[in-house]
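For ligands, and for the atoms within them, numbers begin at 1 and follow the listed sequence. All figures in this text were calculated on a predicted structure; none of them were measured in a lab. FYI, the numbering just counts along the sequence from 1.
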Amino acid sequence: MKRERKVPRKKLIITSGVAAVVVMVLVQLYTLNQIWQQKDELFRLKYHELAKEALETFDRESQTDGFESALESISNYSQHIIDSELHIDTGEADLDLLTNLVIRDIYDILLAEERLTLLLSGFFSERDLDDDIRRGLTINYFELVDKNIVYPVFISEDFPTGDTGHKGILVSRFRSEDNNFRLSFDYYIDIAGKQLTLMREIFISLSISVLSIVAVVIIFIVAYRNLMEERRLSELKTDFINNMTHELKTPLSTITVASKSLEMERVMSDRNRIVETARLIGKQSVSLNRLINLILEISIWERTEFEPDIRSVAIGPVLNDIVDSFRAGNYEQADIYSSIRLEGIVINADVTYLTTMVNNLLSNAIKYCKRRPRVDIEGYYDGSTVTISIKDNGIGISDEQLKMVFDKFYRVPHGDIHKTKGLGLGLYYVERIVRSHGGRITVESEPDQGSTFTVTLPTG
Ligand code: ADP
């Protein structure tokens, strides 16, 4: 039931995140397109102005653009068509064909004889500009004098065209007429490297757009993962509290029943039963203690800022106390040896955190063991740092898993993982506690041989 409520929320977060990214991509694309149009316009304007300047220069220097001779040829050609009186008895379909042929001829003559492209290319090259140009012509109007025939507009093929005709850069519009013909045509150029130049110019804007999109996507993924982890954490917490309430009740009611039974006359007179009941109470107290330690962990977890309450601590007696009370609670199921040589050493630490840290390491040492656990605790001072090492003869950890054991919620996947209770938080806390004290933790382990966790803490 819980899940049913959660899935749509997850979907909603993903959908809104994806929608935000899509909107952003669209906005960026639109902006880039606008920038491209602007740059394109500027580029065309620049070459248009340059071409105008070039035409004036050619005029001044009396360089011929070849159109004069082309126009002469067109006049002769028109004269020839008029004289041949080809139009007189042609049918409508043939007339169409004929007009197309004529206009094509005019176009070919213009292209064949013009020299303007060459001149412009030279002019651009002298100024270190892109001189790889293509030419284009549009014949807007052509008329054979007195022949009352409408010739189609002719736009050069193999030249980029848009909705409104040529996309090229208009250099000039030519108009000419004599006794035989009337002609108006436009001469265009197109710069081969235009796309590349524009690309180069918008490269920075493009990079910024791409980077901002990537940044937003990354931020979204990170935020999403954090959110999901928080949710997982809170689900775990709820489950944990539910289990805990149940688990606390069992040892408590056993203790209550056992202590009541001690009051009974029948039990009081039987020494063996008294010892047995006392053991039962002791055992249940140990499990109560274990549960309380877990609750302590939860309370650390609840603190938003992981800030230890640092005070001067005589580490030797504190460590001895922790180990002794752990040994007392576990003497039946494990052999615990300690060699703590820390007399007179004082460190700055939070005792609650230190207790949690050592207890976590000790209970893991017993928990992850298939034979009778033997734990060796060593504590010493080397002149600058305090070292605490906890060695066990447990199942060990493979090199591959070793990298992850300190990760939040990480549990090594064993076949019998459910037998050993845990949330995968113990070592995560241990590492955080060590770090918050400015210390270091290392682990050496050999599968089936055992593990040694070594904590070093600074003094002073
Ligand atoms: P858990 O709540 O599962 O005990 P921990 O964070 O304390 O979580 O430990 C993470 C994992 O590291 C455990 O699931 C266990 O597989 C492995 N581990 C921790 N301590 C030991 C140890 N002393 N020996 C072998 N494996 C260990």
Side-chain angles (χ1 to χ4, degrees), residues 229 232-244 247 286-287 289-302 306 322-323 326-327 329-330 333-338 352-379 387-436 439-456:
E229 193 168 298
R232 205 169 90 100
L233 202 76
S234 90
E235 272 169 34
L236 266 173
K237 201 181 94 180
T238 317
D239 290 352
F240 182 81
I241 289 170
N242 291 343
N243 290 343
M244 189 60 78
E247 286 205 30
V286 170
S287 66
N289 194 36
R290 185 179 58 82
L291 292 171
I292 287 164
N293 274 339
L294 273 175
I295 294 170
L296 203 72
E297 268 186 24
I298 297 290
S299 80
I300 294 174
W301 167 14
E302 282 295 289
F306 198 84
I322 302 171
V323 172
F326 189 82
R327 191 188 284 120
N330 292 280
Q333 65 256 48
D335 300 323
I336 298 165
Y337 300 97
S338 59
T352 319
Y353 281 4
L354 273 189
T355 313
T356 307
M357 178 189 92
V358 177
N359 271 334
N360 279 353
L361 291 174
L362 289 176
S363 53
N364 277 351
I366 293 180
K367 213 158 66 167
Y368 298 104
C369 192
K370 286 199 174 131
R371 42 194 149 176
R372 180 168 172 87
R374 179 198 159 108
V375 187
D376 284 281
I377 302 132
E378 217 189 332
T387 302
I388 301 166
S389 77
I390 293 168
K391 180 170 179 254
D392 65 51
N393 61 341
I395 56 172
I397 307 162
S398 70
D399 282 351
E400 208 181 306
Q401 317 281 355
L402 218 49
K403 286 175 249 153
M404 296 178 280
V405 287
F406 295 108
D407 289 353
K408 200 172 188 178
F409 299 122
Y410 187 76
R411 303 200 71 205
V412 176
H414 306 292
D416 56 354
I417 192 158
H418 297 296
K419 275 196 207 152
T420 48
K421 288 188 180 170
L423 295 170
L425 284 171
L427 289 182
Y428 168 71
Y429 284 128
V430 168
E431 207 243 2
R432 282 191 72 178
I433 292 169
V434 173
R435 253 196 295 139
S436 68
R440 259 164 51 81
I441 180 161
T442 54
V443 50
E444 278 169 40
S445 190
E446 180 103 2
D448 298 327
Q449 300 297 316
S451 318
T452 307
F453 287 82
T454 309
V455 174
T456 46

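- Residue contacts with ligand 1 include Ser451, since one or more of its heavy atoms lies under 4.0 Å from the ligand.
- Looking only at atom types and distance, the side chain of Ser389 has no donor-acceptor partner in the side chain of Thr454 under 3.5 Å away.
- The proximity of Phe453 to ligand 1, defined as any non-hydrogen pair under 4.0 Å, is limited to the side chain.
- Within ligand 1, the atoms closer than 4.0 Å to a non-hydrogen atom of Leu427 are 5 (P), 6 (O), 7 (O), 9 (O), 12 (O), 19 (C), numbered from 1 in the order shown.
- The Val412 neighbourhood of ligand 1 comprises atoms 11 (C), 12 (O), 14 (O), 16 (O), 17 (C), with distances under 4.0 Å to a heavy atom of that residue.
- Residue Gln333 places its CD atom among more than 12 non-hydrogen atoms of other residues, nucleotides or ligands, all under 6.0 Å distant.
- In this structure, of Asn364, Ile397, Asn360, the residue bringing a heavy atom nearest to atom 27 (C) of ligand 1 is Ile397.
- In terms of modelled atom types and a separation under 3.5 Å, the side chain of Arg374 and the main chain of Asn393 share no donor-acceptor contact.
- Formation of a donor-acceptor pair under 3.5 Å by the Asn360 side chain with backbone atoms of Gly426 is found in this model.
- Interface of Tyr410 with ligand 1, defined as ligand atoms under 4.0 Å from a residue heavy atom, comprises 10 (C), 11 (C).
- Val430 is not listed as a side-chain neighbour of Phe453, based on a closest heavy-atom distance of 4.5 Å or more.
- Remark: ligand 1 atoms within the under-4.0 Å shell around heavy atoms of Val405 are 10 (C), 12 (O).
- Using a 4.0 Å cut-off between heavy atoms, Lys367 contacts ligand 1 through its side chain alone, with no backbone atom that close.
- Proximity of a side-chain donor or acceptor of Asp392 to a complementary backbone N or O of Val375 within less than 3.5 Å is not detected.
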